[in-house]
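Atoms considered below: every heavy atom in the structure, side chains included; atoms not considered: hydrogens, waters and symmetry mates.
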Amino acid sequence: MRVHVALAALLVLTLTGCFKARQAEAPSRATPAGTVEMFKTYARQKNREGEWDILSPAFKDRLSQRAGRNVDLADWVQARDMYATDPKVAQAERFLQNAVVVNTVPDGPNAVKATIQVSGGPFISKSGVIRMVKLDRWELYVRGQSEPYTGTNNDPLFGVEPKADGSYVVWYRDAPGGPRSEEVIPASNVANFKRDGRWYVDHLGSLEGQFM
């Protein structure tokens, strides 16, 4: 199963790099092109948590279904680091810098499809279409904790519910539709709660089956 996750890491890295704006755009999750630039920055920095965060909940759910269990950040980190010295992975990371987008079209509310064209590389076709979505992202900051609870509004495994008294319920599931565990954050412990829209890689189109 680890090999499948590693191949997923390789192909996602290559294809998201393919979604490159014709004019450079500053790394930012506020736009599709900026999100790709952010992914490339994370890859250069070996920031695996940043890479993982750019994949949509739906993408992660499909990856878990193929693996037969919940695939999480720890799997992503292990797979990416395990294959970091693989010549094919290194080639893919260099190769993504030369890819270009030849067309982009809307694909429903807050979603786009991008046709990408490449000059050749491991495991992938010379062209393909990837999908990106803009999701409502939330961050719950708790007093005494350095990192916030973070999620998106349509994640089937992790979510948050505000209560009238100012407290929040953070809930978890091991599998979509399964029983959930809850943690109550009292209002007195809540430092801040924020929502914003961010872009995510949601689907690799016909290319997804090549590694899934």
Side-chain angles (χ1 to χ4, degrees), residues 8-9 12 15-16 19 25 27-39 41-42 47-67 69-77 104-114 129-143 145-187 189-205 208 212:
V12 169
L15 290 180
T16 53
F19 193 3
E25 184 169 335
S28 169
R29 299 293 295 277
T31 66
T35 298
V36 169
E37 293 302 317
M38 183 71 77
F39 187 95
T41 298
Y42 287 149
N47 182 342
R48 307 312 184 196
E49 185 175 358
E51 293 176 346
W52 179 250
D53 185 65
I54 287 178
L55 305 181
S56 76
F59 189 103
K60 294 172 183 175
D61 184 43
R62 292 194 303 277
L63 187 57
S64 294
Q65 289 178 12
R66 293 297 183 109
R69 69 170 184 81
N70 184 40
V71 175
D72 57 19
L73 173 62
D75 293 303
W76 179 270
V77 171
T104 59
V105 295
D107 188 48
N110 296 320
V112 298
K113 284 186 176 180
V129 176
I130 64 173
R131 187 175 193 266
M132 299 188 72
V133 296
K134 187 177 183 181
L135 301 177
D136 182 26
R137 176 190 178 97
W138 58 266
E139 293 181 344
L140 175 62
Y141 292 81
V142 178
R143 301 184 194 281
Q145 297 185 12
S146 59
E147 296 295 329
Y149 293 92
T150 303
T152 57
N153 62 340
N154 66 337
D155 191 334
L157 301 179
F158 185 56
V160 67
E161 295 176 0
K163 297 299 182 180
D165 62 359
S167 65
Y168 288 82
V169 175
V170 179
W171 56 265
Y172 315 79
R173 286 191 175 100
D174 291 331
R180 77 182 199 179
S181 302
E182 298 182 347
E183 178 182 356
V184 178
I185 310 298
N189 290 348
V190 176
N192 196 10
F193 183 79
K194 299 192 300 184
R195 289 185 184 273
D196 63 11
R198 299 190 185 188
W199 285 88
Y200 295 78
V201 173
D202 189 58
H203 204 289
L204 301 178
E208 190 158 311
M212 280 291 193

Nearest 0.5 angstrom please: R62 CZ to L55 CG, how far? 10.0 Å
I54 and T35: CA distance, side-chain angles, deciding distance, side chain to side chain contact (heavy atoms under 4.5 Å, CB included) verdict: CA-CA 8 Å; I54 287 178; T35 298; 3.9 Å; yes
Minimum heavy-atom distance Y42-E51, with the two atoms named: CD1-N, 3.8 Å
Taking the side chain as every heavy atom from C-beta outward, state whether N47 and M38 have any atom pair closer than 4.5 Å. no
For the residue pair Q65 and D61, confirm or rule out a side-chain donor-acceptor distance under 3.5 Å. yes
Could you go through E183 and Y149, starting from their C-alpha distance and side-chain angles, then the distance that decides it, and tell me whether this counts as side chain to side chain contact (heavy atoms under 4.5 Å, CB included)? CA-CA 11 Å; E183 178 182 356; Y149 293 92; 2.9 Å; yes
Closest heavy-atom pair and its distance - R48, L73: O-CD1, 4.1 Å
To the closest 0.5 Å, what do you measure between CD1 (I185) and OG (S167)? 9.0 Å
Give a yes or no on whether D174 atom CG has more than 12 heavy-atom contacts from other residues, nucleotides or ligands under 6.0 Å away. no
Against the six-membered ring of F59, is R131 placed for a cation-pi contact (under 6.0 Å from the centre, within 45° of the normal)? no
What one should report as the nearest heavy-atom pair of M132 and W199 is O-CZ3, 3.5 Å
Between V160 and W171, the two heavy atoms sitting closest are N-NE1, 3.6 Å
Under 6.0 Å between the ring centres of F193 and Y168? yes
Could you go step by step and tell me if F158 and W138 meet the ring-ring contact (aromatic ring centres under 6.0 Å, His included) rule? CA-CA 11 Å; F158 185 56; W138 58 266; 5.5 Å; yes
Show the numbers, then the answer: is there a salt bridge (Lys or Arg N to Asp or Glu O under 4.0 Å) between D202 and K60? CA-CA 9 Å; D202 189 58; K60 294 172 183 175; over 6 Å; no
Are the side chain of T152 and the backbone N or O of D136 linked by a donor-acceptor pair below 3.5 Å? no
Less than 4.5 Å apart, any side-chain heavy atom of E182 and any of Y172? no
Go through the steps to decide whether E161 and R180 satisfy the test salt bridge (Lys or Arg N to Asp or Glu O under 4.0 Å), and finish with yes or no. CA-CA 13 Å; E161 295 176 0; R180 77 182 199 179; 3.1 Å; yes
So does R198 pair up with D196, basic N to acidic O under 4.0 Å? yes
Do you know the tightest heavy-atom contact between D165 and A187? O-CB, 3.5 Å
Stepwise, does the side chain to side chain contact (heavy atoms under 4.5 Å, CB included) test hold for N110 with V133? CA-CA 6 Å; N110 296 320; V133 296; over 6 Å; no
Show, in sequence, the C-alpha distance, side-chain angles and deciding distance for D107 and V112, and conclude whether the side chain to side chain contact (heavy atoms under 4.5 Å, CB included) test is met. CA-CA 5 Å; D107 188 48; V112 298; 5.8 Å; no
Is it the case that over 12 heavy atoms from other parts of the model lie below 6.0 angstrom from the CD atom of E49? no
If I compare all heavy atoms of L157 with all of P176, which pair ends up nearest, and what's the gap? CD2-N, 3.5 Å
Salt bridge between D53 and R137, side-chain N to carboxylate O under 4.0 Å? yes
